[in-house]
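In what follows, chains carry the letters A, B, and so on, assigned in the order in which the sequence lines appear, proteins first and then strands, with residues in each chain numbered from 1.
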Number of protein chains: 2
Amino acid sequence: MLGSSNRNRIAERREATRREILDAAWRQAREVGVAGITLRDIARTVGMQPPSLYSHFDSKLAIYDAMYADSWLAYEEHVSRELDPLPTHPRDAIRLIARVFFDFSVADPARYQLMNHRTIPGFEPTAESYAPAVRVLERGVETFGALGVTDRADFDIWVSLLGGLIDQQLANDPGGDRFSRLLERATDMWADAGGIPHRTARRASTKRRARP
Amino acid sequence: MLGSSNRNRIAERREATRREILDAAWRQAREVGVAGITLRDIARTVGMQPPSLYSHFDSKLAIYDAMYADSWLAYEEHVSRELDPLPTHPRDAIRLIARVFFDFSVADPARYQLMNHRTIPGFEPTAESYAPAVRVLERGVETFGALGVTDRADFDIWVSLLGGLIDQQLANDPGGDRFSRLLERATDMWADAGGIPHRTARRASTKRRARP
DNA sequence: TCGAACTGCCTAACATAGTTAGGAGAATGC
DNA sequence: GCATTCTCCTAACTATGTTAGGCAGTTCGA
């Protein structure tokens, strides 16, 4: 009986169309920004009439949702790849995490905007799409814990700082390298203040900045 | 000759209508969010037909622009009032600045969203409306300088951190008091790392936190 | 004071969004 | 082979910001 095989083929074709629509949406997001995405343009790109898109997505927001899930899943994978193996020096690890986060956002500002879903009016990710974002955050807490940062507040502060730095970079100096300089200094400050324990780092004590 | 007096009266009436429109816009922004503002609703509130609004504003974005300018002017005044006189203890001053910033944003999230103009698709403030924002930033640099923070990077990091903390608060814990706790810890970290000099603070030495 | 110019509002209409209704034709399944 | 399902279509609807053009009251100069 070929029923199951056929069913598979159908599902695949359906999935392919879905991906085609999402790819068109991504291309458009990168050209004109996330808010500039238009069902008509997406439809034209994939060779459909706008209402036909509704055979694949419930609404425009559902398309955003799929893109949101895409992004966080990709980011999760990206982080996993970069953090294996984890650097042994805490300060290096912290910088690496920041660098990954930064590269990921600067490489594709549209994606970054989408991942900060609050910047898109009317869009709220579904619980399912939100899950990878939560997992990444948990992974962060875990990683910091392994490096000796057990105070949750310190982690939250670090995340805030990182988000703020990236926003400032994208807003004031897109294409420049302001982020690197600020990150360098911020990491030092954080380390000096005990945010990053010196546990495995012998060199850190010799590097401590003199107080005026 | 009454010409000039008449001209004044006309200008006043015109300004009053303009204010009425902006008030309606603000009310609506607080009810349904900045993105939810609708010319039709504004017009209904002030008792006009939508196209009539164009006698007072060039476009919807022009209304946003006026609201943006309003906000930053109010903030500038707010800051000036709170920082006069400037606390003598640097750490207190830093916390006060953060507190003012936070109160101002939490008291009126719609206003905060507007001040972060990048969160509103298609809106870019005019140079004139942007000026107060620049002045406030300069004022911040100046104030920090008077407190002994001469490294511009340290100031930028502080601003990033503050923005990140507020965003995190508004996103994860609206109505809660997460911000206070994180701010406390962040200020300490910053001070310990030398971001806040102990220069003018004699009491500071007695208050210095013990390092574990 | 009279007529011209201006001002502030109006109605009608338009362009562009997202979205719904309903159907036609091909693919699929018993 | 026939009923069902699926995918796409056209037509139309609603809501948005915006433009065109006009009309009545007000202001202002000769």
Side-chain angles (χ1 to χ4, degrees), chain A residues 1-22 24-25 28-29 31-68 120-124, chain B residues 1-25 28-29 31-68 114 120-124:
Chain A
M1 195 195 283
L2 293 178
S4 129
S5 159
N6 262 349
R7 205 164 307 176
N8 268 356
R9 233 182 40 224
I10 292 174
E12 273 169 31
R13 203 167 50 211
R14 188 173 171 76
E15 181 55 30
T17 310
R18 204 183 137 92
R19 271 258 60 91
E20 213 178 325
I21 292 173
L22 286 178
Q28 208 186 331
E31 275 177 30
V32 297
V34 175
I37 295 180
T38 277
L39 292 189
R40 276 165 175 77
D41 283 342
I42 294 177
R44 189 179 327 121
T45 305
V46 300
M48 276 183 183
Q49 293 301 317
S52 301
L53 297 175
Y54 283 76
S55 297
H56 300 273
F57 292 94
D58 284 344
S59 68
K60 189 188 185 184
L61 291 182
I63 295 181
Y64 282 152
D65 192 61
M67 297 168 81
Y68 177 86
I120 303 167
F123 170 53
E124 193 79 21
Chain B
M1 191 197 288
L2 293 177
S4 126
S5 159
N6 262 349
R7 206 163 307 175
N8 270 355
R9 232 182 40 224
I10 293 176
E12 272 168 31
R13 203 167 49 210
R14 189 173 172 76
E15 182 56 30
T17 311
R18 204 182 137 93
R19 271 258 61 91
E20 213 179 325
I21 292 173
L22 286 179
D23 287 348
Q28 208 185 331
E31 273 177 31
V32 297
V34 175
I37 294 180
T38 278
L39 292 189
R40 274 166 176 76
D41 283 343
I42 294 177
R44 189 179 326 121
T45 305
V46 299
M48 277 184 181
Q49 293 301 317
S52 300
L53 298 175
Y54 284 76
S55 297
H56 300 273
F57 293 94
D58 284 344
S59 66
K60 188 187 184 183
L61 291 182
I63 295 182
Y64 282 152
D65 193 61
M67 297 169 81
Y68 177 87
L114 207 54
I120 302 167
F123 170 53
E124 194 79 21

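Between the CD1 atom in I63(A) and the CG atom in L53(A) there is a gap of 5.5 Å [rounded to 0.5 Å]. The distance from atom CE of M48(B) to atom CD1 of I42(B), rounded to the nearest 0.5 Å, is 11.0 Å. In this structure, CD1 in I37(B) is found 4.5 Å from OH in Y64(B), a value given to the nearest 0.5 Å. Here the CD atom belonging to Q28(A) is positioned 4.5 Å from the CG atom belonging to D41(A), to the nearest 0.5 angstrom.
Close to dT28(C), at under 4.0 Å from its OP1 or OP2, lies a side-chain N or O of R13(A). An OP1 or OP2 oxygen of dT7(C) is reached within less than 4.0 angstrom by no side-chain nitrogen or oxygen of H56(B). R14(B) has a side-chain polar atom (N or O) that falls below the 4.0 Å cut-off from OP1 or OP2 of dG8(C).
A search for side chain to side chain contact (heavy atoms under 4.5 Å, CB included) contacts involving R19(B) returns E15(B), L22(B), D23(B), D70(B), not counting sequence neighbours. By the side chain to side chain contact (heavy atoms under 4.5 Å, CB included) test, A62(B) is found to be paired with F57(B), D58(B), S59(B), residues two or more places apart in sequence or in another chain being considered.
Atom-to-atom, CZ of R44(A) to P of dC8(D) comes out at 18 Å; the value is rounded to the nearest Å. One interatomic measurement links the two molecules: CZ of F57(B) to P of dT18(D), which rounds to 13 Å at whole-angstrom precision. dT16(D) atom P lies 13 Å from atom CG of L53(B), rounded to whole Å.
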Scoring nucleotides 10-20 of chain C by protein non-hydrogen atoms under 4.0 Å (B base, S sugar-phosphate only, - none) yields BBB----BBBB
